[in-house]
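Both backbone and side-chain heavy atoms feed into the values below; hydrogens, waters and symmetry mates do not. Throughout, protein chains are lettered first and strands after them, A, B, ... in sequence-line order, and every chain is numbered starting at 1.
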2 protein chains.
Amino acid sequence: MKKSSVKFSPSDKCPVRTVLDRLGDKWSVLVILLLGAKGSVRFNHIQKEIGDVSQKMLTITLKSLEADGIVSRHVFAEVPIRVEYRLTERGESLLPHIQQLSDWAEENMRQILKDRKQYVA
Amino acid sequence: MKKSSVKFSPSDKCPVRTVLDRLGDKWSVLVILLLGAKGSVRFNHIQKEIGDVSQKMLTITLKSLEADGIVSRHVFAEVPIRVEYRLTERGESLLPHIQQLSDWAEENMRQILKDRKQYVA
DNA sequence: CTGTATCCCGTGAGATACTG
DNA sequence: CAGTATCTCACGGGATACAG
């Protein structure tokens with residue numbers, strides 16, 4: 001079993017970057033966690049739950065995640081229209097890793113914030 | 001064992017965001033992976049390995065990570081001066097999660113890029 | 001309800017030059 | 001070698017208004 005290594009060559013498309021650049025935006029991770037927790041959720045509900053994401057950014061975020069095959073979009077031709085989003089299989093396979101990161105964050109946040117304050121450049 | 005849940009309340013400092021906002025920048029993750037793989041590395045070497053990070057951004061990245069207690073900085077009063085960086089315990093505890101994400105990325109990148117291309121808005 | 005279309009601004013980040 | 005200091009610019013992302 002080879003050590004999990006990373007290609008750091010300049011223009012070479014480092015896989016970590018390709019994916020993390022997307023996850024690194026302001027909302028993707030939150031959306032994934034939310035869908036992971038709630039299953040199938042409609043647009044409006046996602047926005048309410050996250051609380052401070054604009055319509056524009058939520059649309060963009062969902063489209064990116066959809067383009068990457070991480071969430072799927074389901075339209076119900078009701079009136080008023082209903083659109084629900086859920087994780088794809090790929091999204092589900094990503095979820096646990098995000099969750100672990102989230103858990104780590106939760107455990108360490110308090111101390112990190114403390115350290116951050118005490119740190120003097 | 002309670003379900004790993006996330007606080008999505010608006011102004012509430014969501015831990016995921018607090019941490020991921022930092023990790024979400026362009027270079028932090030790569031630095032962590034590099035230090036995780038190589039142990040103690042000097043400034044210049046990090047820059048060479050990553051390949052396309054500017055001095056300015058590498059400095060900022062390292063300082064942020066240091067402020068968060070994820071990497072530590074060691075100065076050797078030689079001439080020319082030598083400065084080495086390594087993961088702290090906290091950094092080490094974060095590393096496996098980043099690595100898993102990285103591995104996931106490596107496994108799924110090819111297909112994601114393909115999907116991304118075929119996706120039509 | 002679920003988006004799109006603009007306008008606009010702050011900041012992330014590169015290039016370059018300089019210092020201890 | 002390991003940074004700092006500016007300058008500059010593009011773009012992420014918010015506010016608002018409009019559309020299907």
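- Following rounding to the nearest Å, Asp21(B) (CG) and dG13(D) (P) show an atom-to-atom distance of 9 Å.
- Proximity of Val19(B) to Trp104(A): side-chain heavy atoms (C-beta onward) are separated by under 4.5 Å at one or more points.
- Contact between the side-chain N/O atoms of Arg22(B) and the OP1/OP2 oxygens of dG12(C) is not found at any separation under 4.0 Å.
- Between the CG atom of Leu58(A) and the C1' atom of dG12(D) there is a distance of 15 Å, given to the nearest Å.
- Nucleotide dT2(C) holds its P atom 9 Å from the CD1 atom of Ile46(A), rounded to whole Å.
- Taking every side-chain heavy atom of Ile81(A) into account, dT2(C) is the closest of dT2(C), dG3(D), dC1(D).
- At the heavy-atom level, Tyr85(A) lies under 4.0 Å from the strands shown only through sugar-phosphate atoms.
- Side-chain contact, Asp115(B) with Gln111(B): a donor N or O sits under 3.5 Å from an acceptor N or O.
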Using a 3.5 Å cut-off and no angle test, enumerate the donor-acceptor pairs between side-chain atoms of residues 39-47 of chain A and protein atoms at least two apart in sequence or in another chain.
unit_1	atom_1	unit_2	atom_2	d
Ser40(A)	OG	Glu84(A)	OE1	2.7
His45(A)	NE2	Glu49(A)	OE2	3.4
Gln47(A)	NE2	Val53(A)	O	3.1

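- Between dA2(D) and Lys63(B), no contact under 4.0 Å exists linking OP1 or OP2 to a side-chain N or O.
- For Glu89(B), the salt bridge (Lys or Arg N to Asp or Glu O under 4.0 Å) criterion is met by no residue, not counting sequence neighbours.
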Atom pairs, protein N/O to nucleotides 14-19 of chain C N/O, distance under 3.5 Å:
unit_1	atom_1	unit_2	atom_2	d
dG14(C)	OP1	Lys26(B)	NZ	2.8
dG14(C)	O6	Lys56(B)	NZ	2.3

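- For the OP1/OP2 pair of dA2(D) and a distance below 4.0 Å, the side-chain nitrogens and oxygens of Arg42(B) include at least one atom meeting the criterion.
- If you measure from atom CG of Leu62(A) to atom P of dG3(C), you get 8 Å, rounded to the nearest angstrom.
- Arg116(A) CZ: more than 12 foreign heavy atoms inside a 6.0 Å radius.
- For the pair Ile60(A) CD1 and dG13(D) P, the computed distance is 9 Å after rounding to whole Å.
- Residue Glu78(A) contributes atom CD, which lies 11 Å from atom C1' of dC1(C) at whole-angstrom precision.
- The interatomic distance linking Gln47(A) (CD) with dC1(C) (P) rounds to 10 Å, in whole Å.
- Although no hydrogens or angles enter the test, the distance criterion places no donor-acceptor pair under 3.5 Å between the side chain of Ser102(A) and the main chain of Ile98(A).
- Side-chain contact between Leu30(B) and Arg17(A) is present, with heavy atoms from C-beta onward closer than 4.5 Å.
- At dG3(D), none of the side-chain N or O atoms of Arg82(B) fall inside 4.0 Å of OP1 or OP2 (strictly under the cut-off).
- The distance from atom CZ of Arg73(A) to atom C1' of dC1(C) is 12 Å, rounded to the nearest whole Å.
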